[in-house]
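Per chain, numbering begins at 1; letters A, B, ... match sequence-line order. Model, not experiment: these values are computed from the prediction.
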Number of protein chains: 2
Amino acid sequence: MQRTMAKRPLPPADHHAARFARQREADRTATAEDYVELIADLLREEGEARAVDLARRMGVSQATVTATVGRLQRDGLVETKPYRGLFLTPSGQEMARTAKARHELVVRFLIAVGLDPETAETDAEGLEHHASEKALAAFARFLAEREDGGR
Amino acid sequence: MQRTMAKRPLPPADHHAARFARQREADRTATAEDYVELIADLLREEGEARAVDLARRMGVSQATVTATVGRLQRDGLVETKPYRGLFLTPSGQEMARTAKARHELVVRFLIAVGLDPETAETDAEGLEHHASEKALAAFARFLAEREDGGR
DNA sequence: ATGATAACTTAGCCTAGGCTTAGTTTCGGA
DNA sequence: TCCGAAACTAAGCCTAGGCTAAGTTATCAT
């Protein structure tokens with residue numbers, strides 16, 4: 001049995017470094033995922049995703065949206081038709097699909113462990129980018145068990 | 001009853017924007033927390049926290065550590081005595097204390113919902129910065145119940 | 001059909017957080 | 001004691017992601 005006190009020695013340095021590297025990697029993709037997810041939502045709910053709406057919903061200036069969308073375009077995730085909104089490339093759609101699924105899963109999980117839906121939604125925004133596949137699998141398992149046990 | 005399909009309409013734009021703002025705020029403090037937490041760990045476990053060890057454990061160059069530590073110093077979290085390592089100011093210690101508590105809580109929670117300890121540790125690194133107070137409270141509640149039920 | 005308004009872009013600036021390469025300092029062992 | 005290796009700093013560069021202010025350009029309503 002492990003000690004309960006926070007006295008476990010530090011992990012080996014390279015191990016430790018790998019965690020932070022994963023972390024930085026996740027940070028780099030987080031913005032792309034947020035934009036792509038939001039574009040997909042807007043396309044679905046409003047029929048179009050205009051830069052001005054993205055700016056409004058992200059709480060950011062239009063200039064920032066222009067710059068970010070430029071990077072997304074460079075990375076093959078988004079296409080633009082000025083004054084006709086933004087569109088997702090196939091790989092953008094793919095990213096949006098998995099991002100949304102992840103988001104939904106995290107929200108449902110947070111609610112299941114006792115968070116109110118509004119806070120769950122807010123927190124999911126931050127947490128969804130940092131949960132590993134293993135963690136997501138554990139969340140899904142937890143939800144499945146919860147549903148079985150509940151009936 | 002709400003629809004189960006992901007068809008809930010988008011939240012109001014300002015609402016939506018506020019979530020992302022919180023998010024960006026958390027991102028800004030994440031690096032500081034990671035450094036301060038690691039410095040505290042090194043001081044506790046090794047007796048000193050040298051820049052070179054931070055670099056090794058963060059997986060980053062020494063120059064990057066110098067720059068980051070400069071910002072931490074500017075922000076009143078850290079003090080340096082060259083060749084004698086890094087030290088935390090009272091407010092740095094405070095930050096380390098709460099960061100560590102949060103980290104421990106998230107790890108224990110992740111293990112409780114079925115993650116293996118190693119992955120829990122890795123994921124906690126990313127998740128701890130993005131869980132709200134409400135979420136942390138929910139995690140703690142969950143663990144408490146779990147312990148009651150378990151006996 | 002044209003002109004005001006709204007949408008979008010450009011330019012220029014900033015900070016955080018990375019990097020490498022090239023110095024400085026300090027410490028410790030011969 | 002002194003000198004080489006290790007620790008640290010400095011300089012200069014880069015990208016992402018923010019900002020404002022100043023253009024452009026489409027669209028739509030008259």
Check ring-ring contact (aromatic ring centres under 6.0 Å, His included) between B:His129 and all other residues, then give those that pass, not counting sequence neighbours. none

Applying ring-ring contact (aromatic ring centres under 6.0 Å, His included), can you list everything that pairs with B:Phe20, at least two apart in sequence or on another chain? B:His16

Pairing residues for [X] by the side-chain hydrogen bond (donor to acceptor under 3.5 Å, both in side chains) criterion, not counting sequence neighbours:
{"X": "B:Arg97", "answer": "B:Glu94"}
{"X": "B:Asp75", "answer": "none"}
{"X": "B:Arg71", "answer": "B:Thr68"}
{"X": "A:Thr89", "answer": "none"}

Could you check which residues of residues 62-78 of chain A get a heavy atom under 4.0 Å from DNA chain D? Sort them by number, please. A:Ala63, A:Thr64, A:Arg71, A:Arg74

Could you note down all residue pairs passing ring-ring contact (aromatic ring centres under 6.0 Å, His included) where residues 34-54 of chain A supplies at least one of them, sequence neighbours left out? none

Whole-Å distance between D:dC8 P and B:Glu79 CD? 16 Å

Between A:Arg56 and B:Thr29, which residue's closest nucleotide on DNA chain C lies nearer the 5′ terminus?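 First, find each residue's nearest nucleotide; the 5'-ward one identifies A:Arg56.
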
5' precedence on DNA chain C between A:Arg24 and A:Asp53 (nearest-nucleotide basis): A:Asp53

Could you pick out which residue, B:Thr80 or A:Thr31, lies toward the 5' side of DNA chain D when each is mapped onto its nearest nucleotide? B:Thr80

For A:Glu121 and A:His103: C-alpha separation, side-chain torsions, deciding distance, then whether side-chain hydrogen bond (donor to acceptor under 3.5 Å, both in side chains) applies. CA-CA 9 Å; A:Glu121 195 66 49; A:His103 184 90; 2.6 Å; yes

Could you list the donor-acceptor pairs under 3.5 angstrom formed between side-chain atoms of residues 108-117 of chain A and any protein atom two or more places apart in sequence or on another chain?
unit_1   : atom_1 : unit_2   : atom_2 : d
A:Asp116 : OD1    : A:Thr119 : OG1    : 2.7
A:Asp116 : OD2    : A:Glu118 : N      : 3.4
A:Asp116 : OD2    : A:Thr119 : N      : 3.0
A:Asp116 : OD2    : A:Thr119 : OG1    : 3.0

Going by salt bridge (Lys or Arg N to Asp or Glu O under 4.0 Å), name the residues that satisfy it together with A:Glu37, two or more places apart in sequence or in a different chain. none

Would you give a per-nucleotide map of nucleotides 22-30 of chain D, 5' to 3', where B means the base has a protein non-hydrogen atom under 4.0 Å away, S means only the sugar-phosphate does, and - means neither? ---BSS---

Considering only heavy atoms of chain A and a distance under 4.0 Å, specify the first and last nucleotide of DNA chain C in 5' to 3' order that meet this criterion. C:dA7 to C:dG18

